[in-house]
Amino acid sequence: MGGRVLIALGGNAMTAPDGSASPADQQRAIGEAMAHVAALSRAGHEVVLTHGNGPQVGNLLLKNQLAAHVVPPVPLDWCVAQTQGTIGTLIMNALQRELGHARVAAIVTRTLVDPADPAFQDPVKPIGRYFGEDEARRFEGHGQVWRRFDRGWRRVVASPRPVEILDASAAVALIDAGFTVVAAGGGGVPVVRREDGALTGIEAVIDKDLAAAALAVAVGATDLVIATDVPNAAVDFGTPRARPIEEIDVAALRELQAAGHFAGGSMGPKVEAAVCFAEETGGRAVITSLHHIGAALSGNIGTRVYRGVER
Ligand code: ADP
Ligand code: MG
């Protein structure tokens, strides 16, 4: 009846509305999110989930930094893997409670990136919390890149494009076996392929929306739903002329994108992900708020992106 739906959950699905990420906040937010997700499953869709990890990986980095004199800090790709494990576990528990069965699985997922990606030449993605200059300089001594922002110094890392979701075939096997699958959390653990063919982790973070699009293509999703905290992508966002985008084709959305309507680091990657998925598969991509995901799949809510005439 339903299709195979890839849902990408944003930060608001995993932290309190003010962005705080205590264990209780995370559990409560995930519990609420899974009620919406389970409704799609009950409506007959095959559901595949992915999620962001910004606050969680930021907290882990901070622990590593504060405890560096006691326990050796671990690389960033290890931190991403850890957040996949903890967030995946919370999602599994909440989903099992909602669905009443245990056919739920979270997959530790690696995402291949290209070591020649220009992002590695110019790391711009801020992660973790702000520090003073002295501490920033000390961390620079450990090979990290730090930049001065208005509110202080912050570590920046490369955010290369996902080339391939390496563990997508494990996801497909489980989906085909009837599991609700969580994969590529936090964009996936970033790895590169060395010259001898071996895979190795690399210090980077991968945008979760771009990874969601790659995962959606790889698992043969019919729909990509990007669940965030606004009901629609808008033109002239943040101005009195702001207007929600309803149904749109890839060519028209690309024009709006080129005209600068979608902020980098927030709506920009969501629009890029929607365009890539619709263009490559002919499937539908939807950008909407979490509590609208059911209505968005069956109705006229959210920003619905189609490849073009064939819809
Ligand atoms: P998530 O945590 O769900 O990935 P983000 O905070 O990264 O979400 O992105 C969603 C935010 O993008 C919205 O809350 C809004 O403030 C911002 N935004 C930027 N440009 C636009 C736009 N053109 N239309 C709608 N929202 C936009
Ligand atoms: Mg957010």
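A quick note: this is a predicted structure, and the numbers were derived from the prediction, not measured. For the single chain, residues carry numbers from 1 onward in sequence order. In listed order, ligands and their atoms are each counted from 1. Every heavy atom of this structure was used, including side-chain atoms; hydrogens, water molecules and symmetry mates were not.
Heavy atoms of V235 found under 4.0 angstrom from ligand 1: none, in either backbone or side chain. Within the 4.0 Å heavy-atom criterion, both parts of T228, backbone and side chain, lie near ligand 1. The proximity of K208 to ligand 1, defined as any non-hydrogen pair under 4.0 Å, is limited to the side chain.
For N232, the heavy-atom gap to ligand 1 drops under 4.0 angstrom. Remark: distances from the non-hydrogen atoms of A242 to ligand 1 are all 4.0 Å or more. Under the 4.0 angstrom criterion for non-hydrogen atoms, G52 is not in contact with ligand 1.
Partners of F262 according to the ring pair (Phe, Tyr, Trp, His ring centres under 6.0 Å) rule, which considers only residues two or more places apart in sequence or in another chain, do not exist here.
Geometrically, ligand 1 and G11 share a nitrogen or oxygen pair separated by less than 3.5 Å.
For the salt bridge (charged side-chain N to carboxylate O under 4.0 Å, His left out) condition, the pairs that include at least one residue of residues 253-269, sequence neighbours left out, are R254-E272, R254-E279.
Between W146 and F131, the ring centre distance stays below 6.0 Å.
Between the side chains of Q26 and Q56, at least one donor N or O lies within less than 3.5 Å of an accepting N or O.
A chain of hydrophobic side-chain contacts below 4.5 Å, direct or via other Ile, Leu, Val, Met, Phe, Trp or Tyr residues, connects V157 to L61.
A cation-pi arrangement is not found for R284 relative to Y306, the charged atom failing to lie both closer than 6.0 Å to the ring centre and inside a 45° cone about the ring normal.
Heavy-atom contacts of A234 reach the following atoms of ligand 1: 22 (C), 23 (N), 24 (N), 25 (C) (cutoff under 4.0 Å).
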